[in-house]
Amino acid sequence: MENARIEKIGHNIKYDALVLSQFDVWTEGVTFDTMIASYLLRADGRHNLDALAKEHLQFKKVSFDELTGTGKEHKPIREVALQALSDYSCEDADITFRLFELLKSRLAKEGMLNLGEDLEFRLIPVLAGMEKEGIAIDVEYLKTMSVDIAKLLKSLITDIHAMAGSEFNINSTQQLGDILFNKLGLPTQKKTKTGFSTDVGVLESLRHQHPIVDKLLEYRQFSKLKSTYIDALPELINKRTGRVHTSFNQTVAATGRLSSSDPNLQNIPIRTEIGRSIRKAFVPGAKGFLIMSADYSQIELRVMAHISGDEALSEAFRNKEDIHTTTAAKVFGVEPGDVTKDMRRKAKEVNFGIMYGIGPFGLSNRLEISQGEAKEIIAKYFERFPKVRQYINDTISSARSNGYVSTLLGRRRYLSDINDRNQNIRQNAERQAINMPIQGTAADMIKLAMIHIHGALSKAGLESRMLLQVHDELVFEIKKNEEKEMRALVTKHMQQSMKLDVPLEVDIGVGKNWLEAH
DNA sequence: GGATTGAGTCT
DNA sequence: GGAGACTCAATCC
């Protein structure tokens, strides 16, 4: 850490805070500014920092940039800190300190001080380390891909314009809608605020009405991947490190998940073939290293089994059954051996849908079945997994009376809309109530695992590093001769992060890029 | 130039 | 009319 500098690497404020926190005088103030305050304020969503500072301190918040002078040329940390000290009065530091105390006491009042001190605050240096480490990208590979896709797009554009009978901007939904629905006379469907929808759902349904539609779907997919990933990622490589440094945002998602930005490395494609080829660009940064990926298997369903205490669901996990097949057997009333692919596919949608508070209408849409059938399936599900229904009912009613829901570790989400008179708004809050404790507990668990893994790596003096978190997955760059130890260490800490009534399974893969590691 | 909208990517 | 995110391009102001 002695060479730490305030610069674009680890530009996320958490990293800068970590660096500055070496100087005692700033510790509380900076920690307050970047973490505790925003964490707490995001957690209840009722205030913003400026308003709070104004209300309690008659003082305007000093931004981090103002405090540190980031954005100036790179200076050694000591110099930056000393400069900041001379630029700002002791009074400012005192004020931030007093706000820290205020917010800390509120955390305590809401029962979240332990969550803060045992989990969130300890995660700060872990995330800072990951941001600073960055991940290597195979630029040559992406450049080649970019050229190939450009050719493909060019010919698609020519075809589309020819079929449309005129040249227009395919990226403009307005112009595309005009071509599709006015000029070509295709049947209109969903409307948006500004016109007719041309999204993938609409296009899929028009596929057999006009050959232009398939071309459009292809064009959309390729141009998205090209602009967002293939062309964007190489631009984001840090000149000094030669790697891409994301920011992991700790106080954005209402459920307690992390988010990732600049660039977002939590939504790198994987579903389609061309998407998967983008993952191959994520590689080890040096010879002798490999990429390792470790992901929780069905963590949210396991958390739901634990929280609800449903015996049938828990039993399925204890017996290491394929959960979607088991659900299919129970819902469709057949033996597990007789579950067809289609039944399993439907059961999978049901399993996820339940956690998101889906209704008959939603399920019927997703499965393309009648609402009556969907209603039957849902009823059968709750008959076979009765405690799940119980959990949903209990959670909503406790949200109504308390105004919030919480995870196993006490993380709260306030739901001010839970008693709204508007049915749409209220039901939306009810779905959030159902989902947050599940999604949030899973987030708590992987965060805990990350803290433990980070500690274990440094204790064991390993050269392998944790680079990314993607909600239920951790990505590492591992030294080849540490593979065995890393597999064991990571599996152990992920499995043991929290003791649930169901076992936790962790799948680990190693390869020479992120795709191969899956 | 910033904010909004529609679209698409992930878990 | 299932939960949670972020980014890009077009468009609006």
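In what follows, chains are A, B, ... by sequence order, proteins preceding strands, each numbered from 1.
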Checking A:Phe196 now: which residues fulfil ring-ring contact (aromatic ring centres under 6.0 Å, His included) with it, not counting sequence neighbours? A:Phe181
Which of A:Asn428, A:Asn435, A:Ile434 passes side chain to side chain contact (heavy atoms under 4.5 Å, CB included) with A:Gln432? Answer is A:Asn428
What are the atom names and distances for every N/O pair under 3.5 Å that joins the protein to nucleotides 11-13 of chain C?
residue: C:dT11; atom: OP1; partner: A:Ser172; partner atom: OG; Å: 2.5

At 4.0 Å (heavy atoms only), tell me whether A:Glu349 reaches a base, stays on the sugar-phosphate, or touches nothing. base
Write down the distance separating the C1' atoms in C:dG2 and B:dT5, rounded off to the nearest Å. 22 Å
Looking at B:dT9, I'd like to know if its phosphate oxygens (OP1 or OP2) sit under 4.0 Å from a side-chain N or O belonging to A:Thr228. no
Nearest-neighbour nucleotide for the A:Asp199 side chain, B:dT5, C:dA5, B:dA7 considered: B:dA7
A:Asn171 side chain, from C-beta outward: closest of C:dA3, C:dA9, B:dG8: C:dA9
Quick one: do A:Glu349 and A:Lys346 make a salt bridge, cutoff under 4.0 Å? no
So what does A:Leu363 hit on the nucleic acid, given a heavy-atom distance under 4.0 Å: a base, only sugar-phosphate, or nothing? nothing
Set of residues satisfying ring-ring contact (aromatic ring centres under 6.0 Å, His included) with respect to A:Phe361, sequence neighbours excluded: none
Between P on B:dG8 and CG on A:Leu176, what's the gap in Å once rounded to a whole number? 10 Å
Which part of the nucleic acid, if any, lies within contact of A:Asn428, taking any heavy atom under 4.0 Å across all strands shown: a base, the sugar-phosphate backbone alone, or nothing? sugar-phosphate
Which part of the nucleic acid, if any, lies within reach of A:Gln221 when heavy atoms closer than 4.0 Å are counted: base, sugar-phosphate only, or nothing? sugar-phosphate
When you measure from the side chain of A:Asp472, which nucleotide among C:dA5, C:dC8, B:dT11 comes out closest? B:dT11
Select from A:Gln371 and A:His471 the residue whose nearest nucleotide in DNA chain C is closer to the 5' end of that strand. A:Gln371
Taking B:dG6, B:dG8, C:dG4 as options, the one with an atom nearest any side-chain atom of A:Lys193 is B:dG6
Rounded to whole angstroms, how far apart are CD1 on A:Ile170 and P on B:dG8? 13 Å
Determine yes or no for a side-chain-to-main-chain donor-acceptor pair under 3.5 angstrom, with A:Tyr141 supplying the side chain and A:Phe282 the backbone. no
Tell me the interatomic distance from A:Ile438, atom CD1, to C:dG2, atom C1', rounded to whole angstroms. 12 Å
Round to a whole Å and report the spacing from NZ of A:Lys348 to C1' of C:dG2. 16 Å
Answer yes or no as to whether C:dG1 has its base stacked against A:Phe361, where stacking requires a ring-centre separation under 5.5 angstrom and planes under 30 degrees apart. yes
Quick one: does A:Thr441's side chain have a donor or acceptor within less than 3.5 Å of a partner on A:Leu408's backbone? yes
Proximal nucleotide (of B:dT9, B:dA7, C:dG2) relative to the A:Leu225 side chain: B:dT9
Side chain to side chain, A:Phe248 and A:Gln266, heavy atoms closer than 4.5 Å: yes
As a test of reading the structure: which of B:dG6, B:dG8, B:dA7 is closest to the side chain of A:Asn267, going by heavy atoms? B:dG8
Quick check on C:dG4: is either OP1 or OP2 less than 4.0 Å from any side-chain nitrogen or oxygen of A:Arg413? yes
Is it true that atom CD of A:Glu204 has more than 12 heavy atoms of other residues, nucleotides or ligands lying nearer than 6.0 Å? yes
Check the distance between B:dC10's C1' and A:Phe282's CZ and give it to me in whole angstrom. 12 Å
Protein-nucleotide distance (A:Phe222, atom CZ; B:dG8, atom C1'), rounded to Å: 14 Å
Measuring to OP1 and OP2 of C:dA5, would you say a side-chain N or O of A:Thr255 lies under 4.0 angstrom away? no
Report the nucleotide, chosen from B:dA7, C:dG2, B:dT11, that has the shortest atom-to-atom distance to any side-chain atom of A:Val470. B:dT11
Could you give the CD1-to-P distance, from A:Ile434 to C:dG2, as a whole number of Å? 12 Å
Keeping the roles fixed (side chain from A:Arg279, backbone from A:Asn513), state whether a donor-acceptor pair exists under 3.5 Å. no
Donor-acceptor pair, distance only, cut-off 3.5 Å: does the side chain of A:Asp295 make one with the backbone of A:Asp472? no
Kindly say if A:Thr192 contacts the phosphate of B:dG6, meaning a side-chain N or O under 4.0 Å from OP1 or OP2. yes
Whole angstrom is fine here: how far is it from CG in A:Asn264 over to P in C:dC8? 10 Å
Base, sugar-phosphate alone, or nothing: which one does A:Gly362 contact when heavy atoms must sit under 4.0 Å apart? sugar-phosphate
Listed nucleotide nearest any side-chain atom of A:Arg366, set C:dA5, B:dG6, C:dG2: C:dG2
If you only use heavy atoms from C-beta on, which nucleotide in C:dA5, B:dT9, C:dA3 is closest to the side chain of A:Gln439? C:dA3
Output the single nucleotide from C:dG4, C:dG2, B:dG8 whose closest atom is nearest the side chain of A:Arg257. C:dG4
At 4.0 Å (heavy atoms only), tell me whether A:Ser223 reaches a base, stays on the sugar-phosphate, or touches nothing. nothing
